[in-house]
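Step one of this worksheet: look at the structure below.
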Amino acid sequence: MSERRTLPPAVAVSTVAFALAPPKDATLDSSTSEGLDPTALWIPLVRRTRAPFRDMWALPGGPTRWDETLADTALRTLHDAVLRAPGYLEQLYSFGGVERSAQAQRLVTIAYWALYGEGDLAADPAATPQPEHSRSQRGRWDDPNGVTALHSDQSRDEPDSNVAWFSADRLPELAFDHGDIVAYALSRLRSKTEYSAVAHRFLGRTFTLAQLRQVHEAVRGQAVDPANFRRQALAQGYLVDTGERETGTHYRPARLYRFAAEAAPSENTPEQQHPQQTSPHQTPPRSRP
C-alpha cells in the first residue's frame, strides 16, 4: 500500500464493442447453449490471467503506450481480442475511482465504445491487417508493463481461448468496475436508438425492414410490433426504397431500403469521433448488482 501511494496513476483504455451477433469463429459463453437471442447485443470479453481479479472476465483493453494515441490503444487491444477492426469507435467516458484497481497501482481508464457491423465480423481474420502498433512489441492486454510476448505460442489469426462473446444483458460479474462501464455504454447507445446513424453502422448498404427492426430490438433489448415499426420507420422519411428485392430466399423476397444521404454517417472506417464533452458533475449510471 505504501508503494501504491508513491506511484502516479497509470492510464489505460477499455472498450465496449457491440455487435448484433458474434462472429462465426467466436467462443460463446455457456448460457448461449439454447441459441442466440435475436433481441440481444453481444460484446467480447477477455479472461484475466493475473492478479488482481485473476480468472474474472473484463473488457478488452490495456495500458496506452508513449507512442500511440488513446484511440490507437483501443483499436490495437480490440483487434487483439476480436481479430477484426470495428466499423465505428468513439470515446465514451473517463473512470478514475481511487479504489477501482483494488490494491494495485491506481488506474485511470479511458473507456471507448465500438460498433461491429455484419460486414466487419464477416471479414477473414487472416486478411484483416492489424493496427500498426500491434505488429511489433506487444504485451498482454492485462500486463501493466506491456512488454511480455502476446500469444507467442499461437497465431494471431486464431481465436484466443481467453476471449468469449456474451449477451450484453446477461454478463457475469466483471473485473474492476467494468460492469459500470458496460452499463454506461448501453445507456449511451440506447439513447441514440432513434438516430438512423446507429442502425446504419450495424447494417450493410441495403437492408430489409425486418433487418432494421432487428437492430432496434437488439439495442432496446426487447421485441417491437412489426406493423407499428414498419409504419413509423417509413413515416420518418430517412429510408429510401431502392426498388430492389432480396435474392436467394425461400420465401417471398422483401423490399430493400437504404438510408437517405443526409441520414448516413461518414464512411470513414473505423470512425473516430471527437471525445464527448461531459460535465464534471455528471456521473455514469451504476450497474445493477
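Hydrogens, waters and symmetry mates are skipped; everything else that's a heavy atom, side chains included, is used. Only a predicted model underlies this, so the values are computations on that prediction, with no experimental measurement involved.
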**Request:** Would you check, one step at a time, whether the test side-chain contact (heavy atoms from CB on, under 4.5 Å) holds for Phe95 with Phe176?
**Result:** CA-CA 11 Å; Phe95 293 79; Phe176 303 105; over 6 Å; no
**Stepwise side-chain contact (heavy atoms from CB on, under 4.5 Å) check, Phe18 with Ile43** = CA-CA 5 Å; Phe18 295 111; Ile43 65 173; 3.5 Å; yes
**Verdict with supporting geometry, Thr73 and Ile110, side-chain contact (heavy atoms from CB on, under 4.5 Å)** = CA-CA 10 Å; Thr73 303; Ile110 311 301; over 6 Å; no
**Request:** Let me see the working for Leu59 and Tyr112 under side-chain contact (heavy atoms from CB on, under 4.5 Å), right down to the final yes or no.
**Result:** CA-CA 10 Å; Leu59 294 169; Tyr112 278 77; over 6 Å; no
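Considering only heavy atoms from C-beta on, Thr15 stays 4.5 Å or farther from Leu75 through its side chain. Counting heavy atoms from C-beta on, the side chains of Trp42 and Asp29 come closer than 4.5 Å. The side-chain heavy atoms of Thr27 and Val163, taken from C-beta on, include no pair separated by under 4.5 Å. Residues Gln214 and His216 are not in side-chain contact: their nearest non-hydrogen atoms beyond the backbone lie 4.5 Å or more apart. No side-chain heavy atom of Val16 sits less than 4.5 Å from a side-chain heavy atom of Tyr184. Between Pro125 and Asp25, some side-chain heavy-atom pair lies under the 4.5 Å cut-off. With a 4.5 Å cut-off on side-chain heavy atoms, Pro172 and Leu45 count as touching. Counting heavy atoms from C-beta outward, Val13 and Thr109 have side chains that stay 4.5 Å or more apart.
Each of Tyr116, Trp113, Phe202 was scored for a ring-ring contact (aromatic ring centres under 6.0 Å, His included) with Tyr88, with one residue passing: Trp113. When each of Thr242, Asp241, Val240 is tested with Tyr257 by the rule side chain to side chain contact (heavy atoms under 4.5 Å, CB included), just one qualifies, namely Asp241. The residue from Leu89, Asp120, Leu189 that alone fulfils the side chain to side chain contact (heavy atoms under 4.5 Å, CB included) condition with Leu115 is Leu189.
Two different hydrophobic clusters hold Phe229 and Leu256 under the rule that ILVMFWY side chains link at heavy-atom gaps under 4.5 Å.
Put simply, CG on Leu209 and CZ on Arg230 are 5.0 Å apart, with the number rounded to the nearest 0.5 Å. Here NE2 of His200 is found 10.0 Å from CZ of Arg205. Values are rounded to the nearest 0.5 Å. For the atom pair CG (Leu107) and OG (Ser14), the distance works out to 7.5 Å, reported to the nearest 0.5 Å. Distance check, rounded to the nearest 0.5 Å: CE of Met56 to OG1 of Thr49 gives 14.0 Å. If you take CG on Leu186 and CZ on Arg190, they are separated by 4.5 Å, rounding to the nearest 0.5 Å. Here Leu78 contributes atom CG and Arg76 contributes atom CZ; the two are 11.5 Å apart, rounded to the nearest 0.5 Å.
For Asp225, there are no salt bridge (charged side-chain N to carboxylate O under 4.0 Å, His left out) partners at least two apart in sequence or on another chain.
Closest of all the heavy-atom pairs between Val46 and Ala81 is CG2-CB, 4.1 Å. Between Ala17 and Pro44, the shortest heavy-atom contact is O-CD, 3.2 Å. Shown here for Gly221 and Asp169, the closest heavy-atom pair between the two residues is CA-OD2, 4.3 Å. Closest approach of Thr77 and Gly61 over heavy atoms only: OG1-CA, 3.5 Å. Between Ala175 and Ala58, the closest heavy-atom pair is CB-CB, 4.1 Å. Smallest separation of non-hydrogen atoms from Ile181 and Ala111: CG2-CB, 3.8 Å.
Ring planes of Phe259 and Phe207: tilted class, angle from 30 to 60°.
Annotation: cation-pi pair Arg48/Phe53 absent, no NZ/CZ under 6.0 Å from the ring centroid and within 45° of its normal.
Proximity of a side-chain donor or acceptor of Arg245 to a complementary backbone N or O of Arg252 within less than 3.5 Å is not detected.
Counted within 6.0 Å of CZ on Arg255, heavy atoms from surrounding residues, nucleotides or ligands total 12 or fewer; the atom is thus considered open. Around atom CD of Glu118, no more than 12 heavy atoms belonging to other residues, nucleotides or ligands sit under 6.0 Å away.
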